[in-house]
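Encoded as structure tokens, the structure appears first; notes follow it.
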Protein chains: 2
Amino acid sequence: MTLSKACEHGIRASLYIAQQSVLIERASLKDIALEIDAPEAFTAKILQQLVRQGIISSIQGPKGGFSMSKKAIKELKLIQIIHAIDGDTFENKCVLGLKLCSEISPCPVHDQFKHIKKDYLKMLQKTTIHTMISSLNEGISCLKL
Amino acid sequence: MTLSKACEHGIRASLYIAQQSVLIERASLKDIALEIDAPEAFTAKILQQLVRQGIISSIQGPKGGFSMSKKAIKELKLIQIIHAIDGDTFENKCVLGLKLCSEISPCPVHDQFKHIKKDYLKMLQKTTIHTMISSLNEGISCLKL
DNA sequence: AGTAAATCGGATCTATTAATCCGATTTAAT
DNA sequence: ATTAAATCGGATTAATAGATCCGATTTACT
């Protein structure tokens with residue numbers, strides 16, 4: 001249920017790229033790493049993953065960089081970025097670490113936890129890039145510190 | 001929001017110890033590790049932590065082992081075991097990894113996530129050992145597999 | 001064509017978590 | 001007293017996640 005550091009950086013990077021894609025064409029790795037306060041080389045690795053998964057697109061050479069399509073900004077859900085980086089591990093993860101925890105063979109907190117997990121998943125499935133960058137653009141939320 | 005492996009093992013061990021404390025006096029490390037399907041040496045380390053924190057008590061020598069008081073079984077909350085092993089890190093942890101994420105300076109998903117976090121915390125604060133071992137004793141839930 | 005600015009991609013290093021090892025200590029039973 | 005069964009505690013090892021390095025590739029600009 002906790003995201004990996006790679007995924008945290010990946011989401012923040014995606015948001016910054018989306019924001020810049022609306023304003024100017026693209027964002028460079030250097031700018032991205034700076035604006036999300038993440039190590040440049042590590043960010044590069046994560047962005048490569050997102051490019052391969054089709055979440056963002058990249059252009060090499062001078063004036064190159066990363067961008068996100070208008071369609072993606074409007075339609076892409078938070079859960080899709082998470083899946084692209086961390087996979088779907090956390091969806092079936094039992095709080096107490098049981099391999100087969102389910103309705104049939106539940107752990108002692110399965111029932112209490114399932115509602116929370118459902119709400120969390122629902123939130124990730126409905127939150128779009130667009131939703132997230134609105135609060136950024138309005139200066140309400142931020143991506144570093 | 002995800003527990004460490006040590007904490008997962010620690011909670012499962014606590015539940016087994018509580019269960020055995022009601023039936024027979026104590027449980028040995030060997031039995032505990034077997035019943036919760038966790039490595040013995042690692043479990044030993046975790047139990048030592050729980051003893052030092054006063055969550056469980058131990059007796060050395062033959063016929064020794066670990067036990068939990070009736071009072072603890074009735075009153076101890078899930079969150080207290082988590083704090084004893086993982087600390088309170090996850091309470092103030094931002095989903096996107098921001099160091100200072102708060103109402104004043106929120107990340108782009110702070111508002112959506114805060115409700116989920118609140119519910120989760122509330123659950124951990126009200127769930128007692130007693131609550132958890134009832135479902136175990138009734139054969140509804142389990143501690144391994 | 002040449003150069004410099006960018007991403008790409010594989011290998012490597014580092015830090016943290018997970019797990020093990022083993023000798024020291026305690027104590028019940030013979 | 002001796003032995004054996006248990007926990008204790010410090011040191012070490014293994015596995016994974018986090019991060020870096022550096023040469024290869026692409027491409028805009030002169």
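Numbered from 1 within each chain, the chains take letters A, B, ... in sequence-line order. Since the model is a prediction, treat every value here as computed from it, not as a measurement.
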- prompt: Applying the 4.5 Å side-chain criterion to the ILVMFWY set and letting contacts propagate, would B:V109 and A:I36 be lumped into a single cluster?
  reply: yes
message: Please find the pair of heavy atoms, one from A:I129 and one from A:A72, that lie closest to each other, and give the distance.
response: CG1-O, 4.2 Å
field: Sole candidate of B:L15, B:I56, B:V22 that passes side-chain contact (heavy atoms from CB on, under 4.5 Å) when paired with B:M68
entry: B:I56
statement: A:K71 meets the side-chain hydrogen bond (donor to acceptor under 3.5 Å, both in side chains) criterion, sequence neighbours left out, with A:E75
message: The criterion is side-chain contact (heavy atoms from CB on, under 4.5 Å); which residues satisfy it with B:L121, sequence neighbours excluded?
response: B:I79, B:F90, B:E91, B:Q125
query: Can you name the closest pair of heavy atoms from B:I116 and B:Q112 and give their distance?
result: CD1-O, 3.8 Å
task: Extract, from 5' to 3' on DNA chain C, the first and final nucleotides lying under 4.0 angstrom from some heavy atom of chain B.
output: C:dA18 to C:dA28
Taking only nitrogen or oxygen atoms into account, show me every contact under 3.5 Å that the protein makes with nucleotides 13-18 of chain D, one pair per line with its distance.
residue: D:dG18; atom: OP1; partner: A:K5; partner atom: N; Å: 3.0

field: Distance, nearest 0.5 Å, that separates OG1 of A:T127 from CD1 of A:I11
entry: 10.5 Å
query: Taking the hydrophobic residues Ile, Leu, Val, Met, Phe, Trp and Tyr, and joining any pair whose side-chain heavy atoms are under 4.5 Å apart, which ones share a cluster with A:L100?
result: B:L145
message: Would you say NE2 of A:H130 has more than 12 non-hydrogen atoms from neighbouring residues, nucleotides or ligands within 6.0 angstrom?
response: no
query: If you look at every strand shown and take non-hydrogen atoms under 4.0 Å, does B:K30 touch a base, only sugar-phosphate, or nothing?
result: nothing
- prompt: Hey, are B:T128 and B:T131 close enough side-chain-wise for a donor-acceptor pair under 3.5 Å?
  reply: yes
- prompt: Looking at residues 47-72 of chain B, who's got a heavy atom less than 4.0 Å off DNA chain C?
  reply: B:Q60, B:G61, B:P62
- prompt: With a 4.0 Å cut-off, would you call B:E25 and B:K63 a salt bridge?
  reply: no
Residue pairs involving residues 31-50 of chain A (criterion side-chain hydrogen bond (donor to acceptor under 3.5 Å, both in side chains); sequence neighbours excluded): A:Q48-A:R52
- request: Please go through A:I104's hydrophobic cluster and name the other residues, only I, L, V, M, F, W, Y counting, with side-chain heavy atoms under 4.5 Å joining them.
  value: none
- request: Sort and list the pairs that fulfil ring pair (Phe, Tyr, Trp, His ring centres under 6.0 Å) and have at least one residue in residues 6-30 of chain A, not counting sequence neighbours.
  value: A:H9-A:F42
End axis versus end axis in the helix from C:dA1-D:dT30 to C:dT30-D:dA1, the angle rounded to 10°, five pairs used at each terminus: 10°
- prompt: Is there any salt bridge (Lys or Arg N to Asp or Glu O under 4.0 Å) pair reaching into residues 1-19 of chain B, and which pairs are they, with sequence neighbours excluded?
  reply: A:K93-B:E8, B:K5-B:E8
query: Among residues 31-38 of chain A, which contact DNA chain D at a heavy-atom distance under 4.0 Å?
result: none
